[in-house]
Amino acid sequence: MSQQQISLPAKLINGGIAGIVGVTCVFPIDLVKTRLQNQRPGQQVYKNMMDCLVKTVRSEGYFGMYRGAAVNLTLVTPEKAIKLAANDFFRHHLSKDGKGLTVFKEMLAGCGAGMCQVIITTPMEMLKIQLQDAGRLAAQQQKPVMMSPTKLVATNTVLSRSYNSGTVASAPRAASATQIAKELVRTQGIQGLYRGLGATLMRDVPFSIIYFPLFANLNRLGKPSPEKPSPFFWAFLSGCAAGSVAAVAVNPCDVVKTRLQTLNKGASEETYTGVVDCVSKLLRKEGPSAFLKGAGCRALVIAPLFGIAQVMYFVGVGEYILDNSPLSLMFP
């Protein structure tokens, strides 16, 4: 079986497996990131990452750290597969006569990959955030807050339609990703699942523009010769380093995306009409530091996630599966 023939399906398998393994390992930290990003001044339920993890385990149990993991594990396979395969697709078509790409063309390929992945990323993040943030809302309701009860909002429905309803909820009702998706589609149509699409593009396109060229150049430094691939540990370290840098660089966009995609609001938490409105309110009410909320958690999530992804990708798990399974009949 030639490498060219199995290239695309193998890359899709590699991306999918890498996504599942990576998400399983780092999801609790991703949950912490979402909760920290949604905290407002004066209403902090969690002091830092460790405090959030400890309080989550105490109040929700060990599996509470995996709220929203099911939707992520379901959709991360097509998401990572599209991202990694699209980048290789664009790199292949931007290269001439097998020559190496310029940094600009590497960035262009990353941009194309980022634009392709949001088809899956936006609804996945939309559903995941609702499930991840439910515990923060419940903890906030249990914490005494010095404000008028008329400013509290109801959060015990699948989707809160009014953010200043004048009622106090006793506890948020657990809702599944399927329930949330059905309610969004019923009330807002398919575009309801794509709330925050602009912010997702603002995050994922620059991320890919930074990540893929940086990874390619770091990984190139570990090659014993131009013809031989770098060792798997070097691919892992390159993926971790590039992922961390890109994650921190686009964290402000991730904060905006999280705020826009959060449907249920806590006590006196404001709503946003769009990206510009969200940015202006964050600057005015919380200051520039608000855009760095969860940056450390995000770096800790992305680093091993993409390190694992690159190891799976370059070790060639997909190629092995295709060569040693009935799938080889489909891709002769």
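Note that CG of Leu94 and OG1 of Thr102 are 8.5 Å apart. Values are rounded to the nearest 0.5 Å. Considering CG of Asn72 and CG of Leu131, their distance stands at 10.0 Å, rounded to 0.5 Å. Atoms SG and CG, on Cys111 and Asn87 in that order, are 11.0 Å from each other to the nearest 0.5 Å. The distance from the CG atom of Asp204 to the SG atom of Cys253 is 9.5 Å, given to the nearest 0.5 Å. How far SG of Cys278 is from CD of Glu270: 8.0 Å, rounded to the nearest 0.5 Å. Note that CD of Gln130 is 10.0 Å distant from OG1 of Thr34, once rounded to the nearest 0.5 Å.
Residues Val185 and Ile119 share a single hydrophobic cluster, defined by chaining ILVMFWY side chains whose heavy atoms lie under 4.5 Å apart. The hydrophobic cluster containing Met115 also contains Leu75, counting ILVMFWY residues as joined when their side-chain heavy atoms lie under 4.5 angstrom apart, directly or transitively. Residues Ile129 and Met65 do not share a hydrophobic cluster, defined by chaining ILVMFWY side chains whose heavy atoms lie under 4.5 Å apart. Residue Ile209 is not grouped with residue Phe104 when hydrophobic side chains (ILVMFWY) are merged at heavy-atom distances under 4.5 angstrom, including chains of intermediate members. Under the 4.5 Å side-chain heavy-atom criterion for Ile, Leu, Val, Met, Phe, Trp and Tyr, Leu292 and Val32 are members of distinct hydrophobic clusters.
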**OP:** Just do the side-chain contact (heavy atoms from CB on, under 4.5 Å) check on Asn251 and Gln37 with the steps written out, would you?
**Re:** CA-CA 10 Å; Asn251 194 74; Gln37 286 181 341; 3.7 Å; yes
**OP:** Determine, step by step, whether Ile180 and Ser176 satisfy the side-chain contact (heavy atoms from CB on, under 4.5 Å) criterion, reporting the C-alpha distance in whole Å, the side-chain angles of both residues, the deciding distance to 0.1 Å, and the verdict.
**Re:** CA-CA 6 Å; Ile180 296 173; Ser176 68; over 6 Å; no
Subject >> Stepwise salt bridge (charged side-chain N to carboxylate O under 4.0 Å, His left out) test for Glu269 and Lys285 >> reply: CA-CA 11 Å; Glu269 292 178 357; Lys285 297 183 178 182; over 6 Å; no
**OP:** Evaluate the side-chain contact (heavy atoms from CB on, under 4.5 Å) criterion for residues Asp30 and Cys297: first the C-alpha distance (whole Å), next the side-chain angles of each, then the deciding distance (0.1 Å), finally the verdict.
**Re:** CA-CA 7 Å; Asp30 186 63; Cys297 292; over 6 Å; no
**OP:** Would you check, one step at a time, whether the test salt bridge (charged side-chain N to carboxylate O under 4.0 Å, His left out) holds for Asp254 with Lys33?
**Re:** CA-CA 10 Å; Asp254 189 57; Lys33 180 218 66 160; 2.9 Å; yes
**OP:** Could you walk me through whether Arg220 and Asn217 pass side-chain contact (heavy atoms from CB on, under 4.5 Å), step by step?
**Re:** CA-CA 5 Å; Arg220 194 176 296 123; Asn217 286 279; 2.8 Å; yes
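Contact detail for Gly22 and Ile308: the closest heavy-atom pair is CA-CD1, 4.0 Å. Closest non-hydrogen pair, Thr122 versus Gln261, comes out as O-NE2, 3.6 Å. Scanning all heavy atoms of the two residues, the minimum distance from Pro28 to Leu53 falls at O-CD2, 4.0 Å. When all heavy atoms of Arg67 and Ala134 are compared, the closest pair comes out as NH1-CB, 3.0 Å. Residues Gly243 and Ile302 come closest through the heavy atom pair O-CG2, 3.3 Å. Of all heavy-atom pairs spanning Arg203 and Glu125, the tightest one is NH1-OE1, 3.5 Å.
Applying the 4.5 Å side-chain rule to ILVMFWY residues, one finds Met202, Val255, Val256, Leu260, Tyr272, Val275, Leu282, Leu283, Phe291 in the same cluster as Val279. When hydrophobic residues (I, L, V, M, F, W, Y) are linked wherever their side-chain heavy atoms come within less than 4.5 Å, the members clustered with Phe89 are Phe90.
Between Lys128 and Glu79 no salt bridge is recorded (no basic side-chain N to carboxylate O distance below 4.0 Å). At a threshold of 4.0 Å, the pair Glu60-Arg35 counts as salt-bridged, since one of the basic side-chain nitrogens sits closer than that to a carboxylate oxygen. Between Lys281 and Glu286 there is no salt bridge, since no side-chain nitrogen of the basic residue lies less than 4.0 Å from a carboxylate oxygen of the acidic one.
A ring-centre distance under 6.0 Å is not found for Phe212 and Phe207.
The shortest distance between side-chain heavy atoms of Tyr66 and Gln132 does not fall below 4.5 Å. With contacts defined as side-chain heavy-atom distances shorter than 4.5 Å, the pair Arg298/Lys293 does not qualify. The shortest distance between side-chain heavy atoms of Lys83 and Ser208 falls below 4.5 Å. Taking 4.5 Å as the limit, some side-chain heavy atom of Leu263 sits within range of a side-chain heavy atom of Leu184. Counting only heavy atoms from C-beta outward, the side chains of Gln117 and Met124 never approach each other to under 4.5 Å. Using a 4.5 Å cut-off on side-chain heavy atoms (C-beta onward), Leu300 and Met49 make contact. By the 4.5 Å heavy-atom criterion applied to side chains, Asn264 and Asp133 are not counted as neighbours. Within the 4.5 Å cutoff, no side-chain heavy atoms of His92 are placed close to those of Asp88.
Taking the six-membered ring for Trp and thresholds of 30 and 60 degrees, Tyr211 and Phe306 have ring planes inclined between 30 and 60 degrees apart.
Atom NZ of Lys223 has more than 12 neighbouring heavy atoms from other residues, nucleotides or ligands inside a 6.0 Å radius. The environment of CZ in Arg58 is sparse: at most 12 heavy-atom neighbours from other residues, nucleotides or ligands sit within 6.0 Å.
With 3.5 Å as the limit, one finds a donor-acceptor pair spanning the side chains of Asn219 and Ser230. Side-chain contact annotation: Asn38 with Thr262, donor-acceptor N/O pair under 3.5 Å present.
Proximity of a side-chain donor or acceptor of Trp234 to a complementary backbone N or O of Leu218 within less than 3.5 Å is detected.
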